[in-house]
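One structure is given here, and the rest of the page talks about it.
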Amino acid sequence: MSERETAEPVELAINGVSCVRDGRTLFTQLEYNCPRGTVLQVLGFNGAGKTTLLNALAGLLPCSEGEILWRGHPIRRSRAFTAEVFYLGHQVPVKPSLTVWENLHWLARLRGQAVAAEQGLQALAQVDLDAYHGALCRNLSAGQKRRVALAQLYLSGERLWILDEPFTAIDKEGVARLQDLLQQHAERGGIAVITSHQALELPGLKNLNLSDYQPLDAYDYA
Amino acid sequence: MTMPDARPPVAGAWRAVLARDLKLSWRQRSDLVNPLLFYLITITLLPLGVDPSRQLLGSIAPGMLWIMALLATLLSLDSLFRCDYEDGTLVQFQLSSEPLFLTVLGKITAYWLTTGLPLALVSPLLAVMLALPPSGYLALVLSLLLGTAIMALIGALGAALTVCLRAGGLILTLVVMPLYLPVLIIGANAVSSAVAGFGYGRELALLGAGLALALMVMPAAVAGALRVSANQ
């Protein structure tokens, strides 16, 4: 499955990676190279290891075999890499008892970014939450809470976006807008790795199907 | 943008987390009252359940005030990282450009300010109920101020190690309890010495040394524990 494009240098390289979880090998010998401007959709059935792969790509989990390189350097414990990653898991890091604005400001602060009022409101407007900026997040719907976290993408200067099921609970129009944003990110030379069960309409979208890298005894639990 | 110039100062991470956690605690005040209420109720029940004679109460008061403060701390420890773990904030901490140990220290500071500090401050009031001789009040407050801070730092390690476990509370207690024992012994001793009319400077110095050691070691240890256990 690995496609080598000679035009763009490879930024994110997955070299022979295997991940084991609870004694079960999820995928082995995974090879994939992402040059600049890649949007990669990770596919696989439930429990195939999509989230595990994303966590490994973010440097949160060690791989049991192989290594992941960012611009030629291993990503584990690398500050330079961490500064270039934006990761959003399937849980939404939004506090119910903080307001939308406070959550936005705080998440940006964690990423090392101070958000000016105007900039923040613009990002919120992109996710249709500018009218709610003073509302407590406990009063928002699940989709709106996710939008609060997704607003970070409009502020983000990170090169690598790792998004686990970003479209969960997002309405149709929001999904379309998020796809546009992913495309813009790719055009700017960024890389996005996402998991989703939705069929995405993105030109140049790459697919990585984890079922292709399953070990032979994947179903053998004994 | 993560340009080095635009990066906030180093202690900024500590202050930002501290401010956020204090704000969160203030907005969820009802959770805040729990350890304090536990402390109040157990101490109030003691004379009723044991014996209201001043002599007996006065003699067990130093130990009891300390034991109940320890249990009250233990009661609230489990939630220290749980909420941030469940909503994925912990992952953002790990991927933050700020060092994790500073973030952790900010959380522990906020935790101590909202549990340990109030416990230490109300303790003289409860000491009156247990007929502790007034000469022990100052020793009680000072030893609890230092002791609860040490317990918060040690407890954070237990909380970090058990954050991914469903029933982490019991294991947390088992992990943390042995480390709390020296603190309890020294702390209760400080109060007893003060009541007996001896100096208690030695005990406070020991607690202070313990706090200094815990401050040096624990934030990094907790950060390491979180990196291991939060991604299971």
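Chain naming here is simple, since letters A, B, ... match the order of the sequence lines and numbering starts at 1 in each.
- For the salt bridge (charged side-chain N to carboxylate O under 4.0 Å, His left out) condition, no pair includes a residue of residues 46-70 of chain A, sequence neighbours left out.
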List the steps and the verdict of salt bridge (Lys or Arg N to Asp or Glu O under 4.0 Å) for A:R111 and A:E158.
CA-CA 9 Å; A:R111 292 177 25 248; A:E158 283 90 346; 3.0 Å; yes

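- Taking non-hydrogen atoms and a 4.5 Å limit, the residue list of residues 30-37 of chain B in contact with chain A is empty.
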List the steps, then state whether salt bridge (Lys or Arg N to Asp or Glu O under 4.0 Å) holds for A:R109 with B:E98.
CA-CA 10 Å; A:R109 175 74 184 68; B:E98 317 276 12; 2.8 Å; yes

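- The stretch residues 102-112 of chain B participates, sequence neighbours left out, in these salt bridge (charged side-chain N to carboxylate O under 4.0 Å, His left out) pairs: B:D21-B:K107, B:D84-B:K107.
- Both the backbone and the side chain of B:Q94 come within less than 4.5 Å of a heavy atom of chain A.
- Listed by chain and number, the residues in a salt bridge (charged side-chain N to carboxylate O under 4.0 Å, His left out) with A:R188 amount to none (sequence neighbours excluded).
- When B:T89, B:D87, B:L95 are each tested for a side chain to side chain contact (heavy atoms under 4.5 Å, CB included) with B:V91, only one passes: B:L95.
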